[in-house]
> 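Below is a structure I'd like to ask you about.
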Amino acid sequence: MKDLVVIGAGMAGNAAARKCAAAGWDVAIIDELPYGGTCALRGCDPKKMLRRAAEIMDAAQLMQGKGIDQQGLKVNWADLMAHKRSFTDDVPAKMEAGLQSAGVETFHGHVRFISPHKVELESGQTLEAKHFLIATGAKPRPLPVPGEEFLTDSTAFLELEKLPKRILFVGGGYISFEFAHIAARAGETTTIISRGEKVLKQFDPDLVGMLISRSREAGIRIATSTSLSAIEKVGDVYRVHMNQNGQEQTDEYDLVVHGAGRVAATDHLGLEEAGIESSEKGIAVTPWLQSTTQPHVFAAGDAAATKGKPLTPVAVSEGKVAASNLLKGTTTAPDYTGIPSAVFTVPELVSVGMSEAEAREKVGKLRVAYTDTSGWFSNRRVGETHAAAKILIDEESDLIVGAHLFGPEYGELVNYFGLAMKTGLTTRQLKSMSAAYPSVSSDLGSLLA
């Protein structure tokens, strides 16, 4: 019997397995998908590599007439995909080798519980353990419409050998916006539909409005209050039926991409056989990541119904905390303070801490420092016309309670605000920092003024 079996070989599972193995536990990890998980293979990292081409195309466009002639510049999709695979192809083998060298036994294939302490792999092999950690991540949310099978998910998009001309992204979240910005800069016709009136609800609405404007300038069509009704395959194209504000409409596309949210990937695990409570949000857990119904089971990352956002740093943190609680028998809860979230459009939209609406409810004396930075040197230098920051400050304590930014390199700048929130730095202390000049970081003090 193993001390611990980890189900899921992504970032959360890897972090937990290594930590417990280092403490002398007999640990096994079951790889249901290629080692490395969603972030390294099917999400953050490969997406960011493809985004680099979009950044270059956009930068050249912004500098047109300012010293750059972009004539003849284009994206070679095949070469870009090869560049992406130069990173992703090596990840599974490296991850598995690293786990094995750490003393973690590795297994492959889908798995399901057959009793509270035993799982069975699709090969028929069984594993018994004193403890389990479930870290199977998330999968696209089912869309119960006729023709759902014609949807392409984000994983398949990242493996496209050729980028189709007309692309529809269903859903107004991270996946749709990030991929649409890549496809649009590659010269393709892109459309985003969102069932609700608002898109990217996790982010500041004022800055989202600025992103929408910037997206439309890049050639992306955005239709809100528009739901998907059905998809038909007619020859080589997809005929898509939609409902916008009660009006039916039909358009044809060469690719339809699912970007309408994700749910915990746990429904295949036979959790009912083990008495493990769960929902589409994930395994029901205590604040310290222990199953509410089976004390020997823990869960982390997108497979766990926690307060943490579905972000890679959150998954890694939860994996480490779960492992620590397993090893020590403690009830430590993960600390989600100061973890930024970003949608890597071009430019990026980032956020950390409270929203303005939340801060107005919870902070007695709130100061909202909003600045349109599109005319600042750091943005004017690169030709950017849309950029802004909104910093939320508790005036009584001089602490930052939220930071929301939209602009080039703000994915880096937001980390200073996250650090300040994590460590309790005041705005006065932040403004005392001397940054390299002229750099985007040197704008920090002025954003707090």
> Where is the tightest heavy-atom contact between Ala342 and Tyr174, given as atom of each residue plus distance?
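Reported closest heavy-atom pair: O-CE2, 3.2 Å.
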> Looking at Lys2 and Glu105, does any basic side-chain N land under 4.0 Å from a carboxylate oxygen?
yes
> Got more than 12 heavy atoms from elsewhere within 6.0 Å of CD, Glu412?
no
> Does Gly411 offer a backbone N or O that forms a donor-acceptor pair with the side chain of Glu348 under 3.5 Å?
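Such a contact is found between Glu348 side chain and Gly411 backbone.
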> Would you call Arg367-Glu395 a salt bridge at under 4.0 Å N-O?
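A salt bridge is present here (some side-chain N lies under 4.0 Å from a carboxylate O).
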> State, to 0.1 Å, how close Leu255 and Pro164 come at their nearest heavy-atom pair, and which atoms those are.
CB-CG, 3.8 Å
> Sequence neighbours excluded, which residues qualify as salt bridge (Lys or Arg N to Asp or Glu O under 4.0 Å) partners of Lys198?
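Residues passing salt bridge (Lys or Arg N to Asp or Glu O under 4.0 Å) with Lys198: none at all.
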> Evaluate whether atom OH of Tyr253 has more than 12 neighbouring non-hydrogen atoms of other residues, nucleotides or ligands under 6.0 angstrom away.
yes
> Salt bridge check, Glu273 against Lys118: does any charged N sit closer than 4.0 Å to a carboxylate O?
no
> Could you check Asp335 against Lys422 for salt bridge (charged side-chain N to carboxylate O under 4.0 Å, His left out), going step by step and ending with a plain yes or no?
CA-CA 9 Å; Asp335 180 5; Lys422 186 81 169 180; 3.1 Å; yes
> Taking the six-membered ring for Trp and the full ring for Phe, Tyr or His, determine whether the centres of Phe157 and Phe179 are under 6.0 Å apart.
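Between Phe157 and Phe179, the centre distance is under 6.0 Å.
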> Is the number of heavy atoms from other residues, nucleotides or ligands within 6.0 Å of CD (Glu149) greater than 12?
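For Glu149, atom CD is crowded (more than 12 foreign heavy atoms under 6.0 Å).
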> Looking at Arg112 and Glu32, is any side-chain nitrogen of the basic one under 4.0 Å from a carboxylate oxygen of the acidic one?
no
> Tell me yes or no: between the side chains of Ser227 and Asn243, is some donor less than 3.5 Å from an acceptor?
no
> Atom CZ in Arg51, atom CD1 in Ile56: separation rounded to 0.5 Å?
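Arg51 atom CZ to Ile56 atom CD1 measures 11.5 Å (nearest 0.5 Å).
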> Strictly below 4.0 Å, N to O, side chains only: are Lys139 and Asp267 in salt-bridge contact?
yes
> With no hydrogens and no angle check, just 3.5 Å: does a side-chain donor-acceptor pair link Ser291 and Glu277?
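Not at all, the side chains of Ser291 and Glu277 share no donor-acceptor pair under 3.5 Å.
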> Verify the distance criterion only: is there a donor paired with an acceptor across the side chains of Glu96 and His108 at less than 3.5 Å?
yes
> Of all heavy-atom pairs between Ala180 and Phe169, which one has the smallest distance, and what is that distance?
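What the structure gives for the nearest pair is CA-CE1, 3.6 Å.
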> Could you verify whether a donor N or O on one side chain and an acceptor N or O on the other, from Tyr370 and Glu356, lie under 3.5 Å apart?
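Note: Tyr370 and Glu356 side chains miss the donor-acceptor criterion.
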> Classify the angle between the aromatic ring planes of Tyr238 and Phe150 as parallel (below 30°), tilted (30 to 60°) or perpendicular (above 60°).
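Tilted, since the angle between the ring planes falls between 30° and 60°.
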> For Ser176 and Gly173, indicate whether the former's side chain and the latter's backbone hold a donor-acceptor pair under 3.5 Å.
no
> Looking at Arg214 and Asp58, does any basic side-chain N land under 4.0 Å from a carboxylate oxygen?
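Looking at Asp58 together with Arg214, the answer is yes, because their closest N to O distance falls below 4.0 Å.
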> Can you tell me if NZ on Lys94 sees more than 12 non-hydrogen neighbours from other groups inside 6.0 Å?
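Not more than 12 within 6.0 Å, no.
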> Looking only at side-chain N and O atoms, does His181 offer a donor or acceptor that is under 3.5 Å from a partner on Thr345?
no
> Considering non-hydrogen atoms only, spot the tightest contact between Phe344 and Glu178 and give its length.
N-OE2, 2.7 Å
> Heavy atoms only: give me the nearest Ser229-Pro146 pair and the separation to one decimal.
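Smallest heavy-atom distance, with atoms named: O-CD, 3.4 Å.
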